[in-house]
Each structure stands twice: as structure tokens, then as C-alpha cells.
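Below is one structure; the comments refer to it alone.
Both ligands and their constituent atoms are indexed starting at 1 by order of listing. Everything quoted here is computed from the prediction, not taken from an experiment.
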Amino acid sequence: MSVQVKEFGKTADGRTVSVYRITNVNGAYVDVLDYGCTLQSICVPDQDGNLVDVCLGYDTVAEYEANDGYLGAFIGRHANRIKEGKFTLNGVDYTLAVNNGPNHLHGGLKGFDKVVWDTSVASDRLLFSYTSPDGEEGYPGTLVLSVIYSFDDNNALTLTYDAVCNKDTVINLTNHCYFNLNGAGTGTVLDQKLQVFADQFTENDADCLPTGKIKDVEGTPFDFRIPKLIGADIKEENQDLINGSGYDHNFVLRGEGMRDACVLSSDKTGIVCTTATTQPGIQIYSANFMTERKGKGGATYNMRDAICLETQHFPDAIHNENFPSAVLKKGEEYHQETKYTFTVSK
Ligand code: GAL
């Protein structure tokens with residue numbers, strides 16, 4: 001295991017961005033930016049032993065700054081939407097930055113994806129730290145964060161998030177990696193197979209905000225309990241698919257503690273990605289809002305050219321009492337872990 005660091009570029013306001021490469025004994029590696037703790041590349045072996053980059057990204061800081069979509073980024077303080085960017089906690093009203101129609105999305109105008117994180121290296125891992133000041137993007141409390149990315153010799157990438165706040169607050173941290181197991185920039189993921197260990201999903205309205213209703217996947221295009229092509233039902237005349245412009249929904253994961261959430265696989269490369277997590281839900285997002293753009297190495301990325309597997313608390317939990325709470329009490333320790341393990345099927 002080795003970690004190499006080099007300069008990646010500079011932000012528009014002059015901050016230096018570094019890229020860290022963690023390489024394992026197989027020669028597989030991940031490239032991570034200190035800008036937004038962004039997963040820039042994940043290069044893992046296919047069935048013939050050739051390395052394939054399965055993560056979409058850009059070659060320059062300027063493209064990360066200019067483009068939407070949060071490619072590979074670490075997301076917080078609160079992943080996904082908070083209705084109208086408003087909530088009440090302990091009788092106090094809070095107003096957050098609004099950046100998605102009338103709603104707050106993925107931490108606001110300057111979420112954790114736009115922070116250059118303090119980074120230190122320890123053998124197979126990167127330790128990122130950041131203190132989010134009281135009131136940042138409207139959130140209560142000074143939040144002290146510690147994020148660890150590690151990559152091991154079994155091609156497992158583990159993301160660990162720890163945080164503590166000096167006031168009651170809300171928190172929902174995730175990673176927004178866009179996976180394509182045929183290789184980033186090779187076109188659609190609709191021919192890849194997905195299995196999700198969830199019997200239910202949360203219904204959204206046309207703004208992608210949860211209605212509060214939890215629906216059974218049974219008999220719907222959301223039934224991925226048995227592995228199914230992502231594209232198998234995506235064009236069905238189904239109101240939930242219409243509201244999301246495809247899959248853009250929180251699945252209610254079975255069980256709790258660290259357990260498997262989903263398995264994504266490609267018949268072309270034989271690469272299998274198993275996602276395990278401590279989180280209660282996973283946003284399966286089929287890159288419906290990915291407008292045509294240039295990606296790494298001159299590749300072109302389009303709608304549905306990737307899938308995001310965003311382990312998370314349920315969106316807008318603060319307004320839906322039937323969802324697991326996303327409130328973090330003053331002094332309480334927040335801890336979540338997600339592991340993406342890459343293997344090959346023979
Ligand atoms: C997803 C979200 C989508 C969209 C996307 C970023 O996590 O569910 O609705 O906002 O991020 O383009």
C-alpha cells in the first residue's frame with residue numbers, strides 16, 4: 001500500500017488542490033482530491049486483470065468548480081433536500097441556503113463538496129478534517145468533522161465519517177460518486193445489473209421531495225430485490241419514475257448496523273461493486289440530470305452514463321417524523337461508514 005500526493009490545480013480563488021493516490025498490492029488505486037474529499041478515479045481490475053476506471057470525474061479544478069452534479073464529492077451538512085430550506089429545532093426556526101428551486105440541496109451554496117479539506121496521510125488511508133462554523137449555510141452549531149478514506153488489498157474502499165457539534169443540529173453525510181462499471185465515459189449504465197437489499201422506498205413529489213409515504217417495492221419498477229438491469233423498467237409509465245425523471249429515490253435498507261446495501265455488476269467487464277453501510281437508506285440516482293459534458297481524458301458524459309449509490313439518512317427527515325431522525329444532539333458522536341468492495345465475477 002502506498003500513498004502519493006501531487007498538486008492537482010488551483011481553485012478560482014487561489015486555493016491549492018492536491019490529488020492523493022492510494023495504490024494497493026494489485027496495482028489498483030483510487031485518486032482523491034482534498035477539494036470536497038472528491039473521489040476522482042477508482043481504478044480496479046476487470047475479469048482479464050486490466051485496470052478500469054469506474055468513477056466519473058474531471059481533469060481540472062475549474063471543471064469541478066464550474067459543473068453541477070457533485071461528481072465524486074463528499075456531501076454535507078445534509079445530503080439531498082430539505083423542504084424550502086427551513087426547519088425548526090428545539091423551538092428555534094433555522095433558514096438554510098436555498099439552491100434547488102425553493103429547496104436546500106446537498107449542503108447549500110457552499111457545501112462540503114467545495115471545501116479544501118485539511119488532509120493527512122497514514123499508510124493506506126487519508127484523514128480529512130474540517131470545522132464547519134456555527135451558522136454555515138444556515139445550520140446551527142460548530143460541527144467538527146473527521147472523514148477517513150481507506151483502500152485495501154481486497155480492492156475495498158471504505159469511507160468513514162465522524163462528527164460532533166456544540167449545539168443540536170441536523171446532519172446527513174454521503175458520497176456522490178458516479179459509478180460506471182463498464183468504465184467511466186463508455187456510455188450508458190442501463191445495461192448494468194443492480195440488486196438492492198430494500199423492500200421499500202420513499203415516495204417523492206415532482207420536486208424530488210419525500211411526501212412522507214413509504215411504499216413497497218413489490219410489483220413496481222423499484223423492485224431490485226433480485227438482480228435486474230438498471231434499464232429494465234426505467235422507461236415504464238410509473239408516476240414515481242416520472243417524478244424522478246428515472247431512479248432518484250431513497251431505498252429503505254433492511255436491517256441495521258454494517259450490512260450489504262446493494263450490488264452493482266457489469267457483464268462486459270465482470271466488475272462487481274458491493275456496497276455495505278451503517279446508514280439507514282441509499283439514494284439510487286441514475287444520473288437523470290447529467291447534461292452532456294466533457295469528463296476525464298476527453299470523454300463525454302451524458303444522462304444515465306453512471307449511477308450514484310448514495311448511502312444516507314432519508315431526505316428531508318426533519319420534516320418527516322416517520323423517518324429515522326437526522327438530528328445530532330449537542331456533544332453526541334455521529335459515526336457512519338460505507339464500504340465499496342470491487343471484485344470480479346468469472
Ligand atoms: C442527487 C439527487 C438528485 C440530483 C443530484 C445532483 O443526489 O437525488 O435529485 O440533485 O443529486 O445532480
Side-chain angles (χ1 to χ4, degrees), residues 36-39 55-58 63-85 96-114 137 159 161 171-180 189 194 196 198 201-211 222 230 234 240-253 261-262 264 275 277 279-293 295 301-317 319-320 323 326 336 338 340:
C37 307
T38 297
L39 287 167
C55 155
L56 275 60
Y58 305 111
E63 289 164 297
Y64 279 101
E65 288 189 296
N67 284 310
D68 62 3
Y70 306 86
L71 267 66
F74 176 64
I75 304 288
R77 290 192 192 189
H78 199 292
N80 215 285
R81 291 165 180 81
I82 294 181
K83 189 177 183 175
E84 291 167 4
L96 304 175
V98 158
N99 58 331
N100 188 250
N103 303 313
H104 176 88
L105 175 71
H106 290 332
L109 295 164
K110 188 183 177 236
F112 296 161
D113 57 298
K114 294 180 181 66
E137 298 298 289
L159 315 180
Y161 314 143
I171 187 168
N172 186 12
L173 304 178
T174 192
N175 181 276
H176 212 294
C177 188
Y178 285 72
F179 294 100
N180 184 331
V189 289
L194 182 67
V196 186
F201 69 104
T202 51
E203 182 187 71
N204 285 343
D205 65 15
D207 284 335
C208 270
L209 267 174
T211 62
F222 296 81
I230 296 167
I234 203 167
D240 291 300
L241 283 176
I242 293 166
N243 286 351
S245 310
Y247 295 107
D248 188 3
H249 295 79
N250 171 66
F251 286 69
V252 180
L253 294 172
C262 66
L264 177 69
T275 304
T277 189
Q279 304 238 45
I282 187 167
Q283 187 83 9
I284 304 283
Y285 170 57
S286 51
N288 312 313
F289 305 126
M290 169 79 80
T291 47
E292 185 173 320
R293 65 193 64 189
Y301 300 153
N302 260 303
M303 181 183 179
R304 310 252 162 90
D305 281 1
I307 188 153
C308 299
L309 310 170
E310 304 161 62
T311 60
Q312 61 178 7
H313 262 71
F314 302 1
D316 202 26
H319 295 122
N320 292 282
F323 292 177
Q336 297 292 347
T338 294
Y340 299 108

Quiz item: Any side-chain heavy atom of T38 sitting closer than 4.5 Å to one from L71?
Solution: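 A side-chain contact is absent here, since even the closest heavy-atom pair is not under 4.5 Å.
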Quiz item: How would you list, by chain and number, the residues with a heavy atom under 4.0 angstrom from ligand 1?
Solution: G69, Y70, N80, R81, L105, H106, H176, D248, Q283, Y285, F289, E310
Practice problem: Taking all heavy atoms of R77 and all of L173, pick out the closest pair and write down the distance. | Solution: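 Smallest interatomic distance, heavy atoms only, reads O-CD2, 3.9 Å.
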Quiz item: Parallel under 30°, tilted from 30 to 60°, perpendicular over 60°: which one fits the rings of F112 and F74?
Solution: parallel
Exercise. Please find out if less than 6.0 Å separates the ring center of H104 from that of H78.
Key: no
Practice problem: For K83, look at atom NZ and say whether over 12 heavy atoms of other residues, nucleotides or ligands are found less than 6.0 Å away. | Solution: no
Quiz item: Does the distance from a Lys or Arg side-chain N to an Asp or Glu carboxylate O, for D68 and R293, drop under 4.0 Å?
Solution: yes
